Asks: 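Before I ask anything, here is the structure I am working with.
The shown structure was predicted, so the numbers you read here are calculated from the model rather than taken from an experiment. Naming: A, B, ... by sequence-line order, numbering from 1 per chain.
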Amino acid sequence: MKFNHRTHTCGALREENIGSHVVLNGWVNIRRDLGGVIFIDLRDRYGITQVVFEPHYNLEAHELGKKLRSEFVVSIEGNVRKRPEGTENPLLDTGNIDVMVDKLIILNHADTPPFPIEESIDVSEDTRLKYRYLDLRRPKMQRNMMLRHKLYQSTRRYFDAMDFIEIETPVLMKSTPEGARDFIVPSRMHKGKFYALPQSPQQYKQLLMVSGFDRYFQIVKCFRDEDLRADRQPEFTQIDLEMSFVDVDDVFVIMEGLMKQLFKELKGYDVDLPLPRLSYEEAMERYGSDKPDLRFGLEMVTLNDVFANAEFRVFKDALNSKGIITGLLAKGCGDYTRNQLDVLTDFAKKQGAGGLIWMRVKENDLEAPIAKFLSDDEKKGLIEKLNAEPGDLLFMLTGPKTKTLNIMGHLRLEMARRLELIKHDAKPALLWVTDFPLFEWDEETGRYYAMHHPFTAPRVEDEQYMESDPGRVYARAYDLVLDGNEIAGGSIRIHNSELQAKMFKALGISDEEAAEKFGFLMNAFKFGAPPHGGMAFGLDRLSMLFSGESSIRDVIAFPKTSSGMSLMDESPSTVDEHQLKELHIKLR
RNA sequence: GGGGAUGUAGCUCAAUUAGGAGAGCAUCGGUCUGUCGAACCGAAGGUCGUGGGGGCAGAACCCAUCAUCCUCGCCA
């Protein structure tokens, strides 16, 4: 089909173009047919321009213009004209002009779209995902994709300027036992053998350090076969980096520089450096989360010392079993009704709490079902410690430390929502969380797991406990948190094969298994591995937060549903029997 | 794997206690020369997610199942 190249985009024309003859190509956003005159909003990714078909101006074009419908693809030629006085549209950048059409070419017809292509639409996500190519035409999605593009470009510019080298690592790799479930790829050439898709390029980037590349980065797809969430997809994108001859603070400086640049270039916001740091313990005790949202206060307080001599059995049990008593002050919520408190109690119970203790703070007393179990000293201590005043409400939870703090952390977020503590224009809250435990004990399997990953270095002063008491070893690991979201995590790595062997031993991985699964890394470490460390950013989450979205699906062009399906192309799908046969696979 | 919410016209939703499937938008036709959420008049449009059950009668009740969203577990 013959058509002319555009002279302008649909967002370009202004009053200075009045009088010029132009060609515009784009989609019919909407048609307004007034009988004698037809207006078309012509759309491309740059904007919208109103084009006009008028019989006295051009009869032929007007006749053909009657056929236009939403989402037709057209090419028009015409003259830019100043809009008649009073008909300007201030909502459009091009709103002071319109284009009188001399020639219309319909490049393609379009079925009526299942939903309107508009800024904000009220359409179920299934429908949007099924017709994702239409959803992506919407200005909002176009903006999200463009912002993501800028995120890539700015990141690449930053790391290049900092002497980092972008190196691609394999997508087909060896399955590793630790961590998330692998996506598995069968090998046709090696019967019964499988590749795995990387959960992250962790081992490869460490090997690149052994190779002397010194500073590496990559924007890379990673895959984890685990259940999904609003902020988790089975395939996702990381900004991955690794540096040699560094300690924790060196990594922080690089990352803080990146955050400063990204915030400046993408949001026009100046981040104050250095970023605040919280230890894992402190984050848990004060915010009940290892990714605390610091856009608001509402801090939790550990009350163990207030109740050190408690008679009340619930508190006594908690203290005797090395548990925790944690409190939260809800300012001015003393008028919450029994019904509201029951709802919050249910909320806590759903998270796994035994119950939720609440107390209304009165002029000279505490009003609560459990008040009679507390001594006057305890009541006084509680009020002082929580800084409570008459009219306030306070919550308490008791139980095993991590779990209880977590539940209170959820309650903290819930109360923040109810009290609308997160202002729309709140300053972004960035912080480091440091000093994670190296290991996590798992009751079910009766063994330790690496909290970060098995290549994470212990703090030097804790190395001595690696064998005797792994539970008290802290890691040289750190997370970067933005507005209550974990957006990056990393660590200084083990670079010596003996320490790495100790690590595997603590994880209950036998020498044989370690040699089989990680032998190549252990071997590499014997040939002169520099001290190194790095980080990986969740680019999707970062992109989501910059776009102001609440799901990473809104910043991924073609995402999966929460059951891992692609509604557009209907994957995953069955394959032919002969494909399976070639792969030596039999379904059962 | 567990919990919660949802599923009715192309889209968003309604339908009281089980008793005539409806509205707005979109679509189609008509009127209309300055609209920009055009307006006005008219029309068409339904496997009530799917399968089964009880019942004179089901969109509604029961069972199963599928899908979507949120969430706990899980995510080194």
Asks: Looking at G1(B), does its base get a donor-acceptor pair with the side chain of Arg181(A) below 3.5 Å?
Replies: no
Asks: Once you apply a heavy-atom cut-off of 4.0 Å, does Gln203(A) come out as touching a base, just sugar-phosphate, or nothing?
Replies: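 The residue Gln203(A) makes no contact with any strand.
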Asks: With distance as the sole criterion, do the side chain of Arg232(A) and the base of C75(B) form a donor-acceptor contact below 3.5 Å?
Replies: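 Such a pair is found, so the answer is yes.
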Asks: Does Lys517(A), at its NZ atom, have more than 12 non-hydrogen atoms belonging to other residues, nucleotides or ligands within less than 6.0 Å?
Replies: yes
Asks: Side chain of Arg81(A) only, please: which of G73(B), C11(B), G34(B) is the nearest?
Replies: G34(B)
Asks: Regarding Pro454(A), tell me which of base, sugar-phosphate or nothing describes its non-hydrogen contacts under 4.0 Å with the strands shown.
Replies: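 Base contact.
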Asks: So, using side-chain hydrogen bond (donor to acceptor under 3.5 Å, both in side chains) as the criterion, who are the partners of Asp554(A) when residues are at least two apart?
Replies: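 Asp554(A) satisfies side-chain hydrogen bond (donor to acceptor under 3.5 Å, both in side chains) with Arg128(A) once adjacent residues are dropped.
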Asks: Parallel under 30°, tilted from 30 to 60°, perpendicular over 60°: which one fits the rings of Tyr131(A) and Tyr133(A)?
Replies: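 Perpendicular.
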Asks: Can you name the one residue among Arg43(A), Arg138(A), Arg31(A) that meets salt bridge (charged side-chain N to carboxylate O under 4.0 Å, His left out) with Glu71(A)?
Replies: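 Exactly one candidate clears the test, Arg43(A).
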Asks: When you get a sec, tell me which of C72(B), G37(B), C11(B) is the closest nucleotide to the side chain of Gln351(A)?
Replies: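 Between C72(B), G37(B), C11(B), the one nearest the side chain of Gln351(A) would be C72(B).
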Asks: Counting only side-chain nitrogens and oxygens, does Arg32(A) get under 4.0 Å of the OP1 or OP2 atom of A38(B)?
Replies: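 It does, given that an N or O in the side chain of Arg32(A) lies less than 4.0 Å from OP1 or OP2 of A38(B).
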Asks: Need one value for Asp225(A): base, sugar-phosphate or nothing, where a base atom within 4.0 Å counts as base even if backbone is also close, heavy atoms only.
Replies: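 No contact at all - Asp225(A) keeps every heavy atom at 4.0 Å or more from the nucleic acid.
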Asks: Gln202(A) near the nucleic acid: base, sugar-phosphate alone, or nothing, with a heavy-atom cut-off under 4.0 Å?
Replies: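 Base, at least one base heavy atom under 4.0 Å.
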Asks: Strictly under 4.0 angstrom, non-hydrogen atoms only: write out the protein contact profile of nucleotides 24-30 of chain B, one letter per nucleotide from the 5' end, B, S or -.
Replies: --SSSS-
Asks: Could you tell me which residues satisfy side-chain hydrogen bond (donor to acceptor under 3.5 Å, both in side chains) with Gln218(A), sequence neighbours excluded, listed by chain and number?
Replies: Thr169(A), Tyr216(A)
Asks: Under 4.0 Å between any heavy atoms, over every strand shown, what does Asn89(A) touch: base, sugar-phosphate, or nothing? Just pick one.
Replies: base
Asks: What protein N or O atoms touch nucleotides 67-69 of chain B N or O atoms at under 3.5 angstrom, if any, and at what distances?
Replies:
unit_1: U68(B); atom_1: OP1; unit_2: Thr561(A); atom_2: OG1; d: 2.6
unit_1: U68(B); atom_1: OP1; unit_2: Ser563(A); atom_2: OG; d: 3.1
unit_1: U68(B); atom_1: OP2; unit_2: Ser563(A); atom_2: OG; d: 2.7
unit_1: U68(B); atom_1: O4'; unit_2: Asp126(A); atom_2: OD2; d: 3.4
unit_1: U68(B); atom_1: O2'; unit_2: Asp126(A); atom_2: OD1; d: 2.9
unit_1: C69(B); atom_1: OP1; unit_2: Ser562(A); atom_2: N; d: 3.3
unit_1: C69(B); atom_1: OP2; unit_2: Ser562(A); atom_2: N; d: 2.8
unit_1: C69(B); atom_1: OP2; unit_2: Ser562(A); atom_2: OG; d: 2.6
unit_1: C69(B); atom_1: O3'; unit_2: Arg553(A); atom_2: NH2; d: 3.1

Asks: In whole Å, what is the span from the CD atom of Gln238(A) to the C1' atom of C75(B)?
Replies: 12 Å
Asks: Are Arg143(A) and Glu549(A) ion-paired here, with the side-chain N under 4.0 Å from a carboxylate O?
Replies: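 Salt bridge absent between Arg143(A) and Glu549(A).
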Asks: Within this structure, what is the CG-to-P distance between Asp122(A) and G10(B), rounded to whole angstrom?
Replies: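 In whole Å, G10(B) P and Asp122(A) CG are 17 Å from each other.
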Asks: Looking at Arg132(A) and Asp135(A), is any side-chain nitrogen of the basic one under 4.0 Å from a carboxylate oxygen of the acidic one?
Replies: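 The answer is yes: the pair qualifies as a salt bridge.
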Asks: Between Glu226(A) and Arg181(A), is the closest basic N to carboxylate O distance under 4.0 Å?
Replies: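 Yes.
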Asks: Which is true for Leu228(A) with a 4.0 Å heavy-atom rule: it touches a base, it touches only sugar-phosphate, or it touches nothing?
Replies: nothing
Asks: Rounded to the nearest angstrom, tell me the gap between atom CG in Asp442(A) and atom P in G73(B).
Replies: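 Between P of G73(B) and CG of Asp442(A): 13 Å.
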Asks: Mind running a 4.0 Å heavy-atom check of residues 35-57 of chain A against RNA chain B and sending the residues that fall below it, in number order?
Replies: Gly35(A), Gly36(A), Val37(A), Phe39(A), Gln50(A), Glu54(A), Pro55(A), His56(A)
Asks: Identify whether the distance between the nearest side-chain nitrogen and carboxylate oxygen of Lys502(A) and Glu498(A) falls below 4.0 Å.
Replies: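 So Lys502(A) does not pair with Glu498(A) through a salt bridge.
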Asks: Just checking His62(A): base, sugar-phosphate only, or nothing, at a heavy-atom cut-off of under 4.0 Å?
Replies: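 Since no nucleic acid heavy atom lies under 4.0 Å of His62(A), the category is nothing.
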Asks: Polar pairs (N or O, both sides) under 3.5 Å between protein and nucleotides 2-9 of chain B?
Replies:
none

Asks: Does the Arg447(A) side chain pair with the main chain of Leu507(A), one donor and one acceptor, at a distance under 3.5 Å?
Replies: yes
